[in-house]
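One structure is given here, and the rest of the page talks about it.
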Amino acid sequence: MEWTRAARYRAYDQYSALELMKLQAQATASPAQLHYHIRPQSGLLNDPNGFSYFNGEWTVFYQSFPFGAAHGLKSWVRLSSPDLVHWTNHGVAVLPDSDFDSHGAYSGSAHEVDGKLFLMYTGNHRDADWTRTPYQLGAWLDQDGRVTKLAQPLIDQPETVTEHFRDPQLFFHGDRWYALLGAQRATDQRGEMLLYSAPAVTGPWTAVGPIKLPLADLGYMVECPNLISVDGVPTFVFCPQGLPQAAASYQNIYPNMYLQGKDFDYQAATLEGAGELTNLDEGFDVYASQTFNAPDGTAYLISWVGLPDMAYPTDEQNWANCLSQVKELHQVDGQLVQQPVAAMTSLRQEEHRFAGEVETITPDGGQQLELAVTIAANQQGTLYLAASVDRKQSVQLRFDTAAGELVIDRATSGPQPTPDHGTTRTLKLPAKADLKLRLFLDHSLAEVFVNDGRQVATFRYFTSQENTALAFDRPTTASGSWWQLADQNQ
Ligand code: FRU
C-alpha cells in the first residue's frame with residue numbers, strides 16, 4: 001500500500017478493531033519476529049521514550065504507529081518490568097488526541113514525582129497548510145496506568161530555533177528540574193541542544209541556554225539528547241543528524257554519538273574537559289537511544305534498533321523495528337562500557353561448553369541464543385552466525401586477532417535493509433590480544449558485546465530461520481559457552 005499523507009495521519013478511531021487484530025496476528029506470525037526483545041505488537045516502533053523507574057518497576061514506552069510499517073501518527077505504548085528483561089505490555093498510553101499533539105505524541109522522557117510518573121514529551125502540531133509547531137507537553141501517569149495531560153504546554157518554541165525543537169529529557173539535579181532538548185538554530189539551520197530548568201516539573205520552565213561543547217558543528221539537527229552521569233562522568237548521548245564526517249566518522253544514515261567530559265556546569269550549560277565524540281554503537285541499526293540514572297545512580301541505556309529514512313524487509317509484513325536489550329553503563333579504565341543487565345542470564349537454558357580447536361560450535365543452535373566466546377590472539381578467521389549448512393548464507397564476523405580487527409558483514413545474510421549505507425562495519429581491536437565476544441541472536445537481531453562492552457555492535461539481519469549453525473570457517477583456538485534463550489513475556 002502507498003503511505004500517502006492522508007493515510008499516515010488518518011485518525012486512530014477510523015480503524016476497526018478487526019484491522020488492528022489482523023495486523024497484530026501478522027506481526028506475531030512473522031518468522032523474523034523478536035522473542036525476547038521489545039517489539040511492536042503491530043506496525044512500526046521507533047524511539048524508546050520515558051525510560052524510568054516508577055512504582056517499584058522499570059518503565060519504558062516506545063513511539064508507535066500501529067497501523068503499518070510507516071512513520072504515521074505517533075503514540076506512546078507503555079511497558080513495565082521487574083528486572084529490565086521481562087516486560088509486560090500495557091498498550092497505548094499517550095494518544096495524539098489534543099490540539100497540541102494532533103500530528104503525533106513525539107518523543108520524550110519520564111520521572112517519578114510524588115508517587116506518579118511525570119511525562120514530558122513533544123507535541124507535534126500541524127496547521128491546515130502543514131506548518132509545524134512543536135510544543136513541549138506534560139502528562140501524569142498514575143499508579144493505575146491512567147494518563148492525564150496538562151492543559152497547557154510547558155515550553156513553547158523560542159524564536160531562536162526552527163520548527164525542529166523536540167525530544168525533552170527530564171532530570172533532577174541539585175534542587176532543580178532540567179530539560180534537555182534537541183533543536184535546529186534559526187540563524188544558520190545548524191543543530192544544537194538547549195537546556196531549560198524549573199523549580200517544579202510543571203514549571204515555570206526557563207531557558208538556561210544552548211549547551212556549549214568544544215565542537216564546531218553538530219550537523220543540521222540534534223535529535224534525542226540525553227545527559228547522564230556514568231559513574232560520576234557527565235555523558236551526553238545524542239543524535240546529531242548530518243554531522244560532518246570530520247567531527248567523527250560513521251556509516252549509518254544518521255549517527256548516535258556520545259561525548260563525555262570532566263564536569264558539567266549547569267549554570268553556564270558548559271561541558272568542561274570534553275573527550276572525543278564517539279559512536280555509541282558500531283553496528284548498522286542503533287538510533288534514538290535513551291538513558292537515565294536509576295534511583296541508585298546506575299546509568300541504563302536502551303535504543304531503537306532501526307533508523308529514520310530506512311526501509312526494512314519486514315515492511316512488507318506491515319511491521320518494523322524493535323528495541324535493543326537494556327544495557328548498563330559504566331566507566332572502566334577511563335572508558336564508557338555497555339554491558340547486558342544481570343537478569344539477561346535468567347533467559348539461559350542448558351549450557352553447552354566448547355574449548356580447544358573449535359570449528360562447528362553447533363550445527364543447529366537456533367536463532368534465539370547467547371554465545372560467550374574468547375578467540376585466542378594471533379588468529380584470522382570467520383565466525384558464522386545464523387549459518388546455512390553450506391555456510392553460504394550467514395552473518396559473517398571476520399576477525400584478525402593479530403592485527404586487531406573485526407569486520408561484521410551482513411551481505412550474505414539474506415534480504416537487506418536499505419543498502420545505501422554499506423553491508424560491513426569494521427571495529428578496531430587491540431592487536432595481538434584475545435578477543436572476547438558476548439553475543440545475542442533473536443531471530444533477526446544480533447547484539448555483539450566486544451571485550452566486556454568496550455564496543456557494542458547491534459544490527460538486524462533477515463535470513464531463513466532454517467539457518468541455525470554457529471561455526472568457524474576453520475579450526476580456531478577458542479573457548480566458551482552457548483545457551484538457547486527463553487522467550488520473555490510482553
Ligand atoms: C527520532 C524522532 C524524534 C521524534 C520522533 C518521532 O527518531 O524523529 O526526533 O520525536 O522520532 O517519532
Side-chain angles (χ1 to χ4, degrees), residues 3 5 8-9 12 40 43-51 60-77 92-96 100-110 119-126 132-139 153-155 157 161-170 179-184 191-194 218-226 237-243 252-257 280-281 285-291 301-312 320-324 417-418 458:
W3 284 101
R5 183 186 285 175
R8 284 171 200 261
Y9 290 91
Y12 280 29
L44 179 140
L45 166 158
N46 59 303
D47 313 359
N49 291 158
F51 189 24
V60 75
F61 304 76
Y62 61 78
Q63 285 278 286
S64 165
F65 177 66
F67 305 111
H71 286 273
L73 189 55
K74 298 286 171 71
S75 54
W76 287 31
V77 168
V92 60
V94 185
L95 278 163
F100 296 118
D101 59 17
S102 56
H103 290 69
Y106 274 12
S107 285
S109 52
L119 316 182
M120 189 169 183
Y121 70 100
T122 301
N124 186 46
H125 171 90
R126 288 189 185 270
R132 189 209 305 258
T133 309
Y135 296 102
Q136 311 314 320
L137 306 175
L154 299 166
I155 303 173
Q157 179 187 342
V161 304
T162 70
E163 58 169 336
H164 295 293
F165 176 56
R166 56 181 176 265
D167 311 338
Q169 184 216 9
L170 174 69
L180 181 68
L181 280 123
Q184 180 181 63
E192 65 179 9
M193 293 184 268
L194 291 177
L218 286 181
Y220 56 81
M221 168 62 187
V222 175
E223 294 191 313
C224 305
N226 300 257
V237 176
F238 57 111
C239 299
Q241 288 189 306
L243 183 80
N252 296 347
I253 182 168
Y254 305 119
N256 198 165
M257 295 274 165
L280 181 65
D281 191 284
D285 299 297
V286 154
Y287 196 69
S289 300
Q290 195 167 75
T291 70
L301 174 125
I302 190 166
S303 305
W304 174 23
V305 187
L307 285 154
D309 305 321
M310 291 273 292
Y312 285 86
N321 311 323
C322 63
L323 296 186
S324 71
T418 306
T458 303

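Each residue takes its place number in the sequence, starting with 1. Counting starts at 1 for both ligands and their atoms, in listed order.
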Return a table of N or O atom pairs, ligand 1 on one side and protein on the other, at distances under 3.5 Å, rounded to 0.1 Å.
residue	atom	partner	partner atom	Å
ligand 1	7 (O)	D47	OD1	2.8
ligand 1	7 (O)	D47	OD2	3.4
ligand 1	8 (O)	E223	OE2	2.9
ligand 1	9 (O)	R166	NE	2.8
ligand 1	9 (O)	D167	OD1	3.4
ligand 1	9 (O)	D167	OD2	2.7
ligand 1	9 (O)	E223	OE2	3.0
ligand 1	10 (O)	S107	N	3.1
ligand 1	10 (O)	D167	OD1	2.6
ligand 1	11 (O)	N46	ND2	3.3
ligand 1	11 (O)	D47	OD2	3.2
ligand 1	12 (O)	N46	ND2	2.9
ligand 1	12 (O)	Q63	OE1	2.6
ligand 1	12 (O)	K74	NZ	3.1

Handout entry: Validation row, ring centre F65 to ring centre H71 under 6.0 Å
Key = no

Exercise for the section: Quick one: list whatever passes side chain to side chain contact (heavy atoms under 4.5 Å, CB included) with A183, sequence neighbours left out. Expected result: V161, F165, E192, L194

Handout entry: Pairwise side-chain contact, L301 with L280, heavy-atom cut-off 4.5 Å (strictly under)
Key = yes

Problem - Donor on one side chain, acceptor on other, K74 and N46, under 3.5 Å - result: yes

Problem - Side chains of E163 and T133, donor plus acceptor under 3.5 Å - result: no

Practice task
For residues Q169 and M193, determine if any side-chain heavy atom of one lies less than 4.5 Å from a side-chain heavy atom of the other.
Solution key: no

